[in-house]
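Here the structure is laid out as structure tokens; the discussion comes afterwards.
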Number of protein chains: 2
Amino acid sequence: MPYDPSAFPPFAVTVDLVVLTVRRHALCALAVRRGEPPFQGRWALPGGFVRADEDLAQAAARELAEETGLRVHDPAVPAQDNGAHLEQLATYGDPKRDPRMRVVSVAHLALAPDLPPPRAGGDASNARWAPVEELLQQGGYGREAEPVAPLAFDHAQILADGVERARSKIEYSSLATAFCPPEFTVGELRRVYEAVWGVALDPRNFHRKVTGTPGFLVPTGGTTTRQGGRPAQLFRAGGATLLNPPMLRPEV
Amino acid sequence: MPYDPSAFPPFAVTVDLVVLTVRRHALCALAVRRGEPPFQGRWALPGGFVRADEDLAQAAARELAEETGLRVHDPAVPAQDNGAHLEQLATYGDPKRDPRMRVVSVAHLALAPDLPPPRAGGDASNARWAPVEELLQQGGYGREAEPVAPLAFDHAQILADGVERARSKIEYSSLATAFCPPEFTVGELRRVYEAVWGVALDPRNFHRKVTGTPGFLVPTGGTTTRQGGRPAQLFRAGGATLLNPPMLRPEV
DNA sequence: GATCATAGTCGTCTGCCTGACGATAAACAC
DNA sequence: GTGTTTATCGTCAGGCAGACGACTATGATC
């Protein structure tokens, strides 16, 4: 295949973001309302074109900052701020996924602690955290009787893939701490697992598991009663990124 | 962001393939020799441009068929032929990864049983199976005193990511059977794990594990002595794709 | 201030799985 | 037959997870 610029068709390349957080015991994703066709008025995942001089990860981080103000957590400086976790998810390139032209979208997955409601281009009414359950049901309606689903383009599929990635990855990594503030309690971490998996976990076994895994949690010495009840120890995420043996997701 | 075709830069989109197999107790990858600049004469992963009307998976399957003659295994018809397993790996889009122009490559991972030596465009000398160990070492030399490494572009990184994906995925899935012929013995499957992980496994514990996992293996009734020694039962891959509990990779 | 509700933390027990490894079986080479 | 190779079954101890009891330390309520 000799080099011939006319030999390949031109593509537009975008990044789309699955930004997940845990709010009110529910796994939520960031959705923005589309202002122009196609799918005008429908909700979609945030995203945008990759610029000519940008790496894919840079483009995703830029979009994330534009939509949420979040900086990306630098893995070289662990457990330092509440920057978000960002990783590449998958790439979607069906020829018909965008009716305007051939667009290949490199989806990224971002995990963030609970945040104030987002603004999209300064307009809060065009961005919201929505429970993934609502976003993924066919033709579902949000609490405000405003349809949030189905998402535009193939974004329901992208979101589903991102949720599945998050659900499986917190099993064998310390990624669940990305949903927590810099200091958190064992109970708060457990509620993250419960929200992401949609199950109830035994507090005693969970406590034994996470505190018994070396490098997972480091106590800060402080305590808090912000969850009510007996004061709980505060922890920060330890350096360990891989959980071995993994946290077992209860079956069914 | 109103629709404006001049608002985004044009990209070329390619698929690159990490095709893995197990040959002579070693994990090997398919490499092709580049016929033109850049990196002329160097070895690279097979790949090519995505066509205008093609899905990414279709493009990857087409390239795989062109390079190896392999068809992609249809998950809807499990354990039927020795088609290859194909999945998307990751996407690489550094602005400088190709000196000619902006190329975004959607890498795919393919796992195949041991195959006859490949042909690239009919020329066998320009395609070979090389142990990933040789391909990944810096400036390494193959047995024929011909340099196979480093690979062109960022293909060493792509290959390393693909190998890591394969190594981790056979832990918790039945993917290792994709390296085996349609009918195989427990010992042959064990040698796949040993080659991919580069470790020695206890034959007795391995046998207990795989035969005790429901849905993983189904006996065909036949036996074979192609490995020497006592005749071994032949199995086909069962329908189960997830291995729970997972096969544990010995640490270090 | 006593009581209650809530959440956190420590233990116990049982069953399952794994790693280590002995023992036997069935082929082939000489 | 003897030795070698590979397959397969069994045994045993240790580790971990699920189920669950017991106790602790707060705030809320009467």
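Naming: A, B, ... by sequence-line order, numbering from 1 per chain.
Counting non-hydrogen atoms under 4.0 angstrom, R191(A) reaches the backbone sugars and phosphates but no base.
Following rounding to the nearest Å, N244(B) (CG) and dC16(C) (C1') show an atom-to-atom distance of 13 Å. When rounded to the nearest whole Å, the span between CZ of R226(A) and C1' of dT6(C) equals 16 Å. In this structure, R204(B) places its CZ atom 16 Å from P of dA25(C), rounding to the nearest Å. Rounded to whole angstrom, the span from the CG atom of D202(A) across to the P atom of dT9(C) amounts to 14 Å. Rounded to whole Å, the distance from CD on Q227(A) to P on dG8(C) is 7 Å.
Between the side chain of T68(A) and the main chain of A65(A), no donor-acceptor pair closer than 3.5 Å is present. Under a 3.5 Å cut-off, the side chain of T21(A) and the backbone N or O of P113(A) do form a donor-acceptor pair. Looking at R167(A), its side chain does come within 3.5 Å of a backbone N or O of V196(A) through a donor-acceptor pair. Looking only at distances, a side-chain donor or acceptor of H155(A) sits under 3.5 Å from a matching main-chain atom of L45(A). For R23(A) (side chain) and W129(A) (main-chain N/O), no donor-acceptor pair under 3.5 Å exists by modelled atom type. Proximity of a side-chain donor or acceptor of Q88(A) to a complementary backbone N or O of T91(B) within less than 3.5 Å is detected.
Of the residues in residues 167-174 of chain B, not one places a heavy atom less than 4.0 Å from an atom of DNA chain D. Of the residues in residues 206-219 of chain A, those lying under 4.0 Å from DNA chain D by heavy-atom distance are R208(A), K209(A).
Within the structure, every pair that satisfies the salt bridge (Lys or Arg N to Asp or Glu O under 4.0 Å) test and touches residues 204-213 of chain A, not counting sequence neighbours, is listed here: D202(A)-R204(A). Applying the ring-ring contact (aromatic ring centres under 6.0 Å, His included) test to residues at least two apart or on different chains, the pairs with a partner in residues 204-233 of chain A are Y193(A)-F206(A). Listed by first and then second residue, the salt bridge (Lys or Arg N to Asp or Glu O under 4.0 Å) pairs that reach into residues 171-185 of chain A are E171(A)-R249(A), sequence neighbours excluded.
Toward the 5′ end of DNA chain D lies the nearest nucleotide of G187(B), the other residue of the pair G187(B) and P245(A) mapping further downstream.
For E133(A), there are no salt bridge (charged side-chain N to carboxylate O under 4.0 Å, His left out) partners, not counting sequence neighbours. Applying the ring pair (Phe, Tyr, Trp, His ring centres under 6.0 Å) criterion to H108(A), with sequence neighbours excluded, gives no partner residue. The salt bridge (charged side-chain N to carboxylate O under 4.0 Å, His left out) search around R191(B) returns none, not counting sequence neighbours. Taking the salt bridge (charged side-chain N to carboxylate O under 4.0 Å, His left out) definition, one finds that E188(A) meets it with R226(A), sequence neighbours left out. Partners of D161(B) by salt bridge (charged side-chain N to carboxylate O under 4.0 Å, His left out), not counting sequence neighbours: none found.
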For nucleotides 26-30 of chain C, print each protein N/O atom paired with a nucleotide N/O atom at under 3.5 Å, atom names and distance only.
none

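Residue N205(B) has its side chain nearest to dC21(C) when only dG8(C), dT9(C), dC21(C) are considered.
When DNA chain D is scanned 5' to 3' for any atom under 4.0 Å from a heavy atom of chain A, the first and last hits are dA17(D) to dT26(D).
For the pair R190(A) and dG8(C), the criterion of a side-chain N or O lying under 4.0 Å from OP1 or OP2 is met.
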